[in-house]
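Heads up: the structure comes next, in structure tokens.
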Protein chains: 2
Amino acid sequence: MANIKDIAKMANVSITTVSRVLNNHPYVSQKKREAVWQAMKESNYQKNLNAVHLSTGKTHLIGVVLPFSNHPYFGLLLEGIAEEAVKNNYKLVLFQTNYEETREIEALDMLKHKQIDALIVCSRICSWSTINDYAGYGPIVFCEDTQEQPFSATFVDHYKSFQTALHYLADKGHKKIGYCIGRNSGANSTNRALAYKDFLTKRKLPFHPEYIFEQCLHLEDGENVVSKITNMKEPPTALLVTSDQVAAGIAASSLANKISIPQEIAIIGFDNQPISKVMGITTMEIPLVEIGRNLFSQSVQSHISYKEMDVTLIERSTV
Amino acid sequence: MANIKDIAKMANVSITTVSRVLNNHPYVSQKKREAVWQAMKESNYQKNLNAVHLSTGKTHLIGVVLPFSNHPYFGLLLEGIAEEAVKNNYKLVLFQTNYEETREIEALDMLKHKQIDALIVCSRICSWSTINDYAGYGPIVFCEDTQEQPFSATFVDHYKSFQTALHYLADKGHKKIGYCIGRNSGANSTNRALAYKDFLTKRKLPFHPEYIFEQCLHLEDGENVVSKITNMKEPPTALLVTSDQVAAGIAASSLANKISIPQEIAIIGFDNQPISKVMGITTMEIPLVEIGRNLFSQSVQSHISYKEMDVTLIERSTV
DNA sequence: CTGTTAGCGCATTCAC
DNA sequence: GTGAATGCGCTAACAG
């Protein structure tokens, strides 16, 4: 495989000149420029990116941290990130963490040691104090409201959207409303819990701890929720489900258990995934692909920015 | 950030010795080894992988080519690949092709130019003759029967599994059986088409071209199938659906259109995705995660190997 | 066992 | 406009 030296020899110029045309610098005569192009064509030259990386300290690689790659939520996010990466000639390095802190730190370390240019954290597990140790090594962008933290972010206002959905349900006459959430830690979960409490207070509704269902991440988790509900003396009449996957699971399981939706239980999902459309689930649309695209853009910028995306209620037939 | 030279200085040894302990070479006295460790600890040393890559010509990066990252089929495959990559301290570089040939060639070119060590092609679009041009630049592994091609592969026998499912349906009394397929090109599709024809011949059943539904990749595509079927004078009584996603879409759409399953139409999906379990869809289980794991292993081996995985019929309630 | 030295392929001063 | 020279951080003969 030809290298820059070979090209220089073939084109009868110096290595520097080759490097200049390679990087589109001005101040190269048209004649030499063409000679270099010719030589590159003939020898099917291609830069050795490893050398470029070592020399420049840049890798054109962006790390993406996510818990699982096989979850539609992250799939959509990744789709948006990947789309933009292709456009900008960046490649993505995947860090599948399974929510293990060490995995996330591995990614952070790669940033620290210049193995990637920036890091996109789709779902954070490390504390801010840990992450702050890595500020300055390169952009780290998040998919949550980073508040005062010195990191870019693209996010939705989970407090607001949760309230919107909750009041929508209440306006339809529901008084016993519960919700399903993925993790009980995490900023997003905290915000939603707060929104829930504030809603209850405002509407003067009692707080039922058993109306909160945790560990609702995957389709299968919906079954669990349904089985818990069927065993309740006073089950909720409506459920806010923070993932369309789980909402779909609940819908399917309800069907199997002859529980009618929305008569016996109303459901609002989140994300507006294809599955919610197919199954007619009312949902809060989160523009995940667009968020992904924006996350990528922020990761290749040196300044910090915050971008809030809107959530839209999509009415279908489960409320 | 300290480099190998600094460490050498601190530990009072040569660069080579540092490199040796770095790479666990023998022939280093315990004393010096410990001195180096000490220095590394003190300075929080970390290798610059770009330098390692340039020097060794290896990147510890494996490329993964797939059409979409947000499809559960590829999500599961990716899950298996990622799992094994983490174990072996490799990182994954994603190539989302959207089935565009140029994207796949980009990946191939990265292999050629040593930017990645190997390539895993989850779904091929390029012709074998194109791909053969890249043989020798590094391992390329496929998720399909590579036949005489000089590339490793992990795959399932689509001919066989299609036949199994088809005869299962026929044994249940079905005579009008159709199938839904993703792409009409691709080796897997060809094999299934062949299996279908052979089955028809063997059972002396007529061939209805309208019983073949193409472009069935996503959940939403199921709607289409159902609407086509409802407009047929003589609709099929059973459907083989090469993706659980589409099968789920068909099930949901049937429900919405008051078509009862399996009474009016029987369905067999493929993959055994969570959704098929939740919706009680009979399916042909393909061990995607395991295939992913094996694909990774093959990608870091220098010899060529072929591994066929078994497909298992999982009976649920749609037949 | 240990150190010296020569690359790996490219970007980038700096001088002409 | 152009090129010689230096360095990025590490590996791997080779010599001792």
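All values reported here derive from a predicted model rather than from experimental measurement. Sequence lines set the chain letters: A, B, ... in the order given, protein chains first and strands last, and positions in each chain run from 1.
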Exercise. Mind checking A:Val13 for me? I need base, sugar-phosphate or nothing, with any heavy atom below 4.0 Å counting as a touch.
Key: sugar-phosphate
Quiz item: Rounding to a whole Å, what distance do you find between B:Ile4:CD1 and D:dA12:P?
Solution: 11 Å
Quiz item: C:dC1 P sits how many Å from B:Gln30 CD, rounded?
Solution: 10 Å
Self-check item: Phosphate OP1/OP2 of D:dG3 contacted by A:Lys32 side-chain N/O (<4.0 Å)
Solution: yes
Practice problem: Check every strand shown and say whether A:Ile15 touches a base, only sugar-phosphate, or nothing at a heavy-atom separation below 4.0 Å. | Solution: nothing
Quiz item: Between C:dT2, C:dC10, D:dA4, which one does the side chain of B:Tyr27 approach most closely?
Solution: C:dT2
Quiz prompt | Below 4.0 Å: OP1/OP2 of C:dC10 and any side-chain N or O of A:Ser19 | solution = no
Practice problem: Figure out the CD1/P separation between B:Ile7 and D:dG9, and round it to whole Å. | Solution: 12 Å
Practice problem: Would you please confirm or rule out a distance under 4.0 Å between OP1 or OP2 of D:dT11 and any side-chain N or O of B:Lys47? | Solution: yes
Quiz item: Toward the 5' end of DNA chain D, which comes first, A:Leu54 or B:Arg20, by nearest nucleotide?
Solution: A:Leu54
Quiz prompt | Ion pair A:Glu84/A:Lys87, N-O distance below 4.0 Å | solution = yes
Exercise. Give a yes-or-no answer on whether the side chains of B:Gln298 and B:Thr154 include a donor-acceptor pair shorter than 3.5 Å.
Key: yes
Quiz item: Within the structure, does a side-chain N or O atom of B:Lys5 lie under 4.0 Å from either OP1 or OP2 of D:dC8?
Solution: no
Self-check item: Phosphate contact (C:dG9 OP1 or OP2) by A:Ser55 side-chain N/O below 4.0 Å
Solution: no
Self-check item: Minimum-distance nucleotide to A:Tyr45 side chain [options: C:dC10, C:dG3, D:dC10]
Solution: C:dC10
Quiz item: Once the angle between the rings of B:Phe74 and B:Phe68 is folded into 0 to 90°, is it parallel (under 30°), tilted (30 to 60°) or perpendicular (over 60°)?
Solution: perpendicular
Quiz item: So which nucleotide from C:dC10, D:dA4, C:dT2 ends up closest to the side chain of A:Asn48?
Solution: C:dC10
Self-check item: Test item: B:Glu104 and B:Arg124 side chains (from C-beta on) under 4.5 Å apart, heavy atoms
Solution: yes
Exercise. Go through the side-chain N and O atoms of B:Glu34 and B:Gln30 and say whether any donor and acceptor fall under 3.5 Å apart.
Key: yes
Practice problem: Name the nucleic acid region contacted by B:Thr56, choosing base, sugar-phosphate or nothing; use a 4.0 angstrom heavy-atom cut-off, strictly under. | Solution: sugar-phosphate
Quiz item: Within less than 4.0 Å of OP1 or OP2 of D:dG1, is there a side-chain N or O belonging to A:Ser29?
Solution: no
Quiz item: Which part of the nucleic acid, if any, lies within contact of B:Asn50, taking any heavy atom under 4.0 Å across all strands shown: a base, the sugar-phosphate backbone alone, or nothing?
Solution: nothing
Quiz item: Do B:Thr16 and C:dT4 have a side chain to base donor-acceptor pair shorter than 3.5 Å?
Solution: yes
